[in-house]
S.K.: 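Please see the structure below; I have some questions.
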Amino acid sequence: MTISKTRSIFGIIFMSLLIAGALFLNGNGEEVNADTKEVYKNIEIFAEVLRKIEKSYVEPKDPHELIYGAIQGMVGKLDPHSSFMPKDDYKELLMETEGSFTGIGIEITLKDNILTVVSPIEGTPAFKAGIKAGDRIIRVEDKSTKGMTLLQAVKLIRGPKGTIVKLTIVRKGEKKPLELPITRDEIPLVSVRNFHLTPDISYIRVTSFQKRTVKDLKSALEDVEKDGSLKGLILDLRNNPGGLLAQAIEVSDIFLDSGVIVSTKGRDSRQNITATANKNSKLRVYPIIVLINGGSASASEIVAGALQDNKRAIILGTRSFGKGSVQTILPLSDGSGLRLTTARYYTPSGKSIQSLGIVPDIEVEYVPPPEKAEKDQPHFVREEDLEGHMLGEKEETVDEDKNDEEPDGDQRAKTLLERDNQVRNALQLLKTWTVFSEINTGS
């Protein structure tokens, strides 16, 4: 690259940053007061470092890569959920929200700068290989994950269908790291599964909130409600890492006829919204129990909070993850994207979920089947454990919960009830509820 071209790039970058630093605008186009003198000073240092790298570094570096690296570092200092995405990563994110991608099927985060599993997605290669919540991924193939960003890790773990990726993990209770070869596959993210536990009590599991979730949930409800005999529903949101805010609002609306679902508050007034329920054409009066645990995050916490505060469901299980922030995906002019935390969200009662999570009405810890050794039980990583997490309204210490072992998608009611004490508790509560309702109505 010629010196003149390099100087031109620096000039454009420098002037752009100066203009951006001199005038901060909120979402309404109004000026926000800022110490512009201090901003100028810091931008000058940035430009100075950039020039010195270009002039004196031992080997030539692409200014484009340097700028991208600087942006990634800046955004990475904000919170664990904000990130800058180069063009390819941005495309992958858009594809994932559509409902499918090729990989192994895990939700990951950074805890103490170590790549850590929040939860495996049910039915995926990672789930079948035995990946657990709380597993720490220290190597992907022959590359250490130390200092690796989430996007870099995702890029390494994903790959063509049928290829194998080897993860080296550290697991609580294991004396040495485990090496797990996992065959990549298409992850369709079938987010809704359902079946009857008894002739009049049904089970619906929502594993994530993607673009098809509301449509699939309505289809599942049509299936379990078709003969009119439904007397109770278990809605399982355990190990659901979240997804699209709009889908969480619509899922909540399916079970509510009135009241607030969720509210969000941010610096930009356009982020301040209050979503309310609409009158449903179909009357649903049967009791609902929602299952949550430490792997229930974000959108699943919105649904649980909405149904809990509106007295529409009993929440059973253990405290949820505590991710009460909204990320807005912002496309950038060069095809890259910015995932930026723009607001906190609040339950209908005005409670912030951030860091605190949803506390169940009935605390029931998962008890693993007798054949499961203690070392196989995962340790949940919650929002409060993440470096740089935003504080909630108040921080409290709550005992950690044990994880539930989700059944394979092909296993049905009998196996689920045999292996899952939380589902058994929910079912017994619904049966009791039905008996008392019949007594009170004199039927």
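For clarity, every value in this text was computed on a predicted model and none was experimentally measured. Atoms considered below: every heavy atom in the structure, side chains included; atoms not considered: hydrogens, waters and symmetry mates.
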S.K.: Within the distance-only criterion (no hydrogens, no angle test), does the side chain of Asn280 pair as donor or acceptor with the backbone N or O of Lys282 below 3.5 angstrom?
M.R.: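 No; judged by distance alone, with no hydrogens or angles, the pair does not exist.
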S.K.: Taking the side chain from Arg339 and the backbone from Tyr90, do they hold a donor-acceptor pair closer than 3.5 Å?
M.R.: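 Side chain of Arg339 to backbone of Tyr90: no pair is present.
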S.K.: Check whether the side chains of Gln247 and Arg212 place a donor and an acceptor atom closer than 3.5 Å, and report yes or no.
M.R.: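 Side chains of Gln247 and Arg212: no pair found under 3.5 Å.
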S.K.: Testing the 3.5 Å rule here: is there a donor-acceptor pair between the side chains of Thr347 and Asp309?
M.R.: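 Note: Thr347 and Asp309 side chains meet the donor-acceptor criterion.
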S.K.: Can you find a side-chain donor-acceptor pair between Asp216 and Ser219 that sits under 3.5 Å?
M.R.: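 Result is no, nothing qualifies.
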S.K.: Thr116 side chain to Ile114 main-chain N or O, any donor-acceptor pair under 3.5 Å?
M.R.: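 Side chain of Thr116 to backbone of Ile114, a donor-acceptor pair under 3.5 Å: yes, one is there.
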S.K.: Does the Glu301 side chain pair with the main chain of Ser298, one donor and one acceptor, at a distance under 3.5 Å?
M.R.: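 Side chain of Glu301 to backbone of Ser298, a donor-acceptor pair under 3.5 Å: yes, one is there.
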S.K.: How about Gln327 and Ser325: does a side-chain donor come under 3.5 Å of a side-chain acceptor?
M.R.: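 Yes, Ser325 and Gln327 have a side-chain donor paired with an acceptor closer than 3.5 Å.
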S.K.: Given the rule in the side-chain contact (heavy atoms from CB on, under 4.5 Å) test, do Val206 and Val251 qualify, once you have shown the distances and angles that lead to the verdict?
M.R.: CA-CA 10 Å; Val206 181; Val251 164; 5.7 Å; no
S.K.: Decide side-chain contact (heavy atoms from CB on, under 4.5 Å) for Asp257 and Arg284; before the verdict, give the C-alpha distance in whole Å, the side-chain angles of both, and the deciding distance to 0.1 Å.
M.R.: CA-CA 9 Å; Asp257 288 316; Arg284 294 185 171 94; over 6 Å; no
S.K.: Test side-chain contact (heavy atoms from CB on, under 4.5 Å) on Tyr366 and Asp420; report intermediate values, then the result.
M.R.: CA-CA 7 Å; Tyr366 175 74; Asp420 198 319; 4.1 Å; yes
S.K.: Report the distance from atom CG of Asp236 to atom CD1 of Ile204, rounding to the nearest 0.5 Å.
M.R.: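 Asp236 atom CG to Ile204 atom CD1 measures 11.0 Å (nearest 0.5 Å).
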S.K.: Would you say the side-chain atoms of Arg319 pair up with the backbone N or O of Pro360, donor to acceptor, closer than 3.5 Å?
M.R.: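 Judged by distance alone, no pair lies under 3.5 Å.
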S.K.: Cut-off 3.5 Å, side chains only: do Asn240 and Ser296 have a donor facing an acceptor?
M.R.: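 Not at all, the side chains of Asn240 and Ser296 share no donor-acceptor pair under 3.5 Å.
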S.K.: Ser191 vs Gln210, test: side chain to side chain donor-acceptor pair (under 3.5 Å). Steps then yes/no.
M.R.: CA-CA 7 Å; Ser191 62; Gln210 304 297 326; over 6 Å; no
S.K.: Mark yes or no for whether Arg171, through its side chain, and Glu174, through its backbone, hold a donor-acceptor pair below 3.5 Å.
M.R.: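 Side chain of Arg171 to backbone of Glu174: no pair is present.
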S.K.: Taking the side chain as everything from C-beta on, heavy atoms only, tell me whether Ser202 gets closer than 4.5 Å to Phe195.
M.R.: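 No, too far: nothing below the 4.5 Å cut-off.
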S.K.: Could you check whether any side-chain heavy atom of Lys351 comes within less than 4.5 Å of a side-chain heavy atom of Gln308, counting everything from C-beta outward?
M.R.: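 Contact flag for Lys351/Gln308 side chains = yes.
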S.K.: Side chains of Thr342 and Thr328 only: does a donor on one sit below 3.5 Å from an acceptor on the other?
M.R.: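 Yes, Thr328 and Thr342 have a side-chain donor paired with an acceptor closer than 3.5 Å.
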S.K.: Just checking, is any N or O donor in the side chain of Gln271 or Thr264 under 3.5 Å from an acceptor N or O on the other one?
M.R.: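 No, Thr264 and Gln271 have no side-chain donor paired with an acceptor closer than 3.5 Å.
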S.K.: State whether the side chain of Thr102 and the backbone N or O of Ile187 hold a donor-acceptor pair below 3.5 Å, judged by distance alone.
M.R.: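 No, Thr102 side chain to Ile187 backbone: no donor-acceptor pair under 3.5 Å.
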S.K.: Apply the test salt bridge (Lys or Arg N to Asp or Glu O under 4.0 Å) to residues Glu59 and Lys61: give CA-CA distance (whole Å), side-chain angles for both, the deciding distance (0.1 Å), then the verdict.
M.R.: CA-CA 6 Å; Glu59 58 186 31; Lys61 286 293 180 180; 3.8 Å; yes
S.K.: Just checking, is any N or O donor in the side chain of Asp62 or Tyr68 under 3.5 Å from an acceptor N or O on the other one?
M.R.: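 Checked: Asp62/Tyr68 side chains show no N/O donor-acceptor pair below 3.5 Å.
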S.K.: For the backbone of Val364 and the side chain of Gln422, can you confirm whether one donor and one acceptor N or O come within less than 3.5 Å of each other?
M.R.: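 Side chain of Gln422 to backbone of Val364, a donor-acceptor pair under 3.5 Å: yes, one is there.
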S.K.: Assess whether side-chain contact (heavy atoms from CB on, under 4.5 Å) is satisfied between Ile254 and Glu250, documenting all intermediate values.
M.R.: CA-CA 6 Å; Ile254 289 173; Glu250 289 189 55; 5.9 Å; no
S.K.: Return yes if a side-chain donor-acceptor contact under 3.5 Å exists between Thr163 and Arg184, otherwise no.
M.R.: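 Yes, Arg184 and Thr163 have a side-chain donor paired with an acceptor closer than 3.5 Å.
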S.K.: Has Asp135 got a side-chain atom pairing as donor or acceptor with Ile169's backbone, closer than 3.5 angstrom?
M.R.: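 No: the side chain of Asp135 does not pair with the backbone of Ile169.
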S.K.: Can you name the residues that form a side-chain contact (heavy atoms from CB on, under 4.5 Å) with Thr145, not counting sequence neighbours?
M.R.: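 For Thr145, the residues satisfying side-chain contact (heavy atoms from CB on, under 4.5 Å) (neighbours in sequence not counted) are Leu115, Ile137, Val140, Met148.
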S.K.: Checking the side chain of Tyr345 only, and the main-chain atoms of Lys323 only, is there a donor and an acceptor separated by less than 3.5 Å?
M.R.: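 Checking the backbone N and O of Lys323 against the side chain of Tyr345, a donor-acceptor pair under 3.5 Å is found.
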